[in-house]
> 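Quick one: this structure, given as structure tokens, is what I'll be asking you about.
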Amino acid sequence: LVYATAAELGDDLSRADAVFLGLRGEQALFACDVQGGAAKRWRGEAEFLELRTVATRLSAEESGVAAQARSLLDWHKRSRFCSACGRETTAGPGGNVRRCPPEGCGTEHFPRIDVVVITLVSAGDRCLLGRQPRFAPGLYSAFAGFVEAGETLEAAARREVWEESGIELTSLQYAFSQPWPFPCTLTLALIGTAAAGGGRAGSEISEVRWFEVEQLRGMLRVADTGDTSAAFRVPGPMTLGNQLVRRWLEEFDARSSRG
Ligand SMILES: [Zn+2]
């Protein structure tokens, strides 16, 4: 990431639309939309790129800043009108709130996130992965879906796994999470344990299949090399589907070495 000062941005900067992101050391960071204004290249040292294509190359701090900026700017674009009464809203100071005017209903609107849960199903020395019809050939992954209104995270994970694979989980363990600013999703990754094998493909899944430890190691190696011709593989290293399999294998190895 390259950070520009307000003076450097000049006419490309609309101060009214800048969104406050926070402090980085002593510096205040703002995000602003310069689409259409700024030249393709920035002072010859940087280039404007689609975040989705470069997110995996950024550090954790940089990708956090970029995700926050992208999500907030996108939220402002999609929230120009009050969802309660339809009046035009205005951004509050700092840009972390939008307000409906007093002549409307006066509601304050805050950025929301959609919560997704992705669950890896395991039983003994095997994991169950599924294929969605849109997946490229050979690609298998854990089961993911939105958390619905009124659901706990655990209930959503159990429901999604049941719907997509017919498996009932006996236990669930939180692993990690990943924000995804397209536009504003937070995905929580869990590892679930099933009592036994079996399973059947649900309505959004074309096939479910159990994979043993060594097969899973092989699928991770294939994902690392980016080989898309292998018969079985998991998604790329930056995805939660990949990282869940990696985490499960680490825990499996730790259990095995303890005997
Ligand atoms: Zn309103």
Side-chain angles (χ1 to χ4, degrees), residues 1 17-24 28-33 35 49-86 88-100 105-120 132 141-161 163-164 172-192 204 235-244 247:
L1 293 186
D17 295 334
V19 176
F20 180 57
L21 300 179
L23 293 173
R24 184 167 176 268
L29 278 190
F30 293 85
C32 62
D33 191 346
Q35 264 182 20
L49 295 166
E50 167 58 43
L51 178 60
R52 207 185 284 259
T53 64
V54 294
T56 58
R57 284 189 265 149
L58 300 175
S59 69
E61 187 203 318
E62 285 184 331
S63 68
V65 170
Q68 184 194 12
R70 167 78 187 232
S71 279
L72 282 173
L73 290 175
D74 192 77
W75 173 71
H76 280 284
K77 258 191 213 159
R78 287 180 295 110
S79 311
R80 283 186 45 223
F81 297 95
C82 178
S83 55
C85 75
E88 195 154 359
T89 58
T90 51
N96 284 279
V97 58
R98 290 193 74 88
R99 294 199 180 96
C100 180
C105 70
T107 302
E108 291 193 323
H109 298 277
F110 297 93
R112 304 287 169 125
I113 52 167
D114 296 322
V115 181
V116 169
V117 62
I118 181 169
T119 310
L120 179 67
Q132 290 180 24
S141 192
F143 303 102
F146 285 98
V147 177
E148 294 180 357
E151 268 186 329
T152 63
L153 189 59
E154 294 83 353
R158 289 176 191 278
R159 173 184 52 74
E160 200 65 36
V161 167
E163 285 175 3
E164 296 187 5
L172 269 169
Q173 171 206 334
Y174 171 79
F176 37 71
S177 64
Q178 185 182 65
W180 187 246
F182 310 104
C184 50
T185 300
L186 176 67
T187 305
L188 300 147
L190 305 178
I191 294 175
E204 291 167 18
M238 294 311 294
T239 63
L240 291 182
N242 179 299
Q243 290 161 24
L244 268 175
R247 169 70 67 92

> When you measure from the side chain of Thr53 to the backbone of Glu50, do you find a donor-acceptor pair of N or O atoms at a distance under 3.5 Å?
yes
> Rounded at 0.5 Å granularity, tell me how far OG1 in Thr90 sits from CZ in Arg98.
7.0 Å
> Short question: side chain of Gln178, backbone of Thr239 - any donor-acceptor pair under 3.5 Å?
no
> Charged N to carboxylate O below 4.0 Å: is that the case for Glu151 and Arg159?
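Looking at Glu151 and Arg159, the cut-off is met.
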> Identify the two heavy atoms, one from Ser177 and one from Leu188, that lie closest to each other, and give their separation to 0.1 Å.
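Taking Ser177 first and Leu188 second, the nearest heavy atoms are CB-CD2, 3.7 Å.
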> Which atoms form the tightest heavy-atom contact between Pro235 and Asn242, and what is the distance?
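Scanning both residues, the minimum pair turns out to be O-ND2, 2.8 Å.
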> How about Phe146: does its CZ atom have over 12 heavy atoms from other parts shown lying under 6.0 Å from it?
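Incorrect, the count does not exceed 12.
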> Starting at OG1 of Thr187, measure out to CD1 of Ile113 and round the result to the nearest 0.5 Å.
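Going from the OG1 atom of Thr187 to the CD1 atom of Ile113 covers 9.5 Å.
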> Can you tell me if Gln243 uses its side chain to pair, donor with acceptor, with the backbone of Met238 under 3.5 Å?
yes
> Looking only at side-chain N and O atoms, does His109 offer a donor or acceptor that is under 3.5 Å from a partner on Arg99?
no
> Could you state the interatomic distance from CD (Gln68) to CG (Leu73), rounded to the nearest 0.5 Å?
10.0 Å
> Test your reading of the model: is there a side-chain donor-acceptor pair from Gln132 to the backbone of Glu204, 3.5 Å cut-off?
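Pair absent, no side-chain N/O of Gln132 close to backbone of Glu204.
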> At what distance, to the nearest 0.5 angstrom, does CG of Leu58 lie from CG of Leu1?
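If I round to the nearest 0.5 Å, the distance is 5.0 Å.
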> Between Arg70 and Asp74, is there a side-chain N and carboxylate O pair less than 4.0 Å apart?
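No, Arg70 and Asp74 are not salt-bridged.
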> When rounded to the nearest 0.5 angstrom, what is the spacing between CG in Leu190 and CZ in Arg158?
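Reported to 0.5 Å precision, the distance equals 10.0 Å.
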> Looking at Cys100 and Cys105, what are the two nearest heavy atoms and their distance?
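Between these two residues, the closest heavy atoms are SG-N, 3.3 Å.
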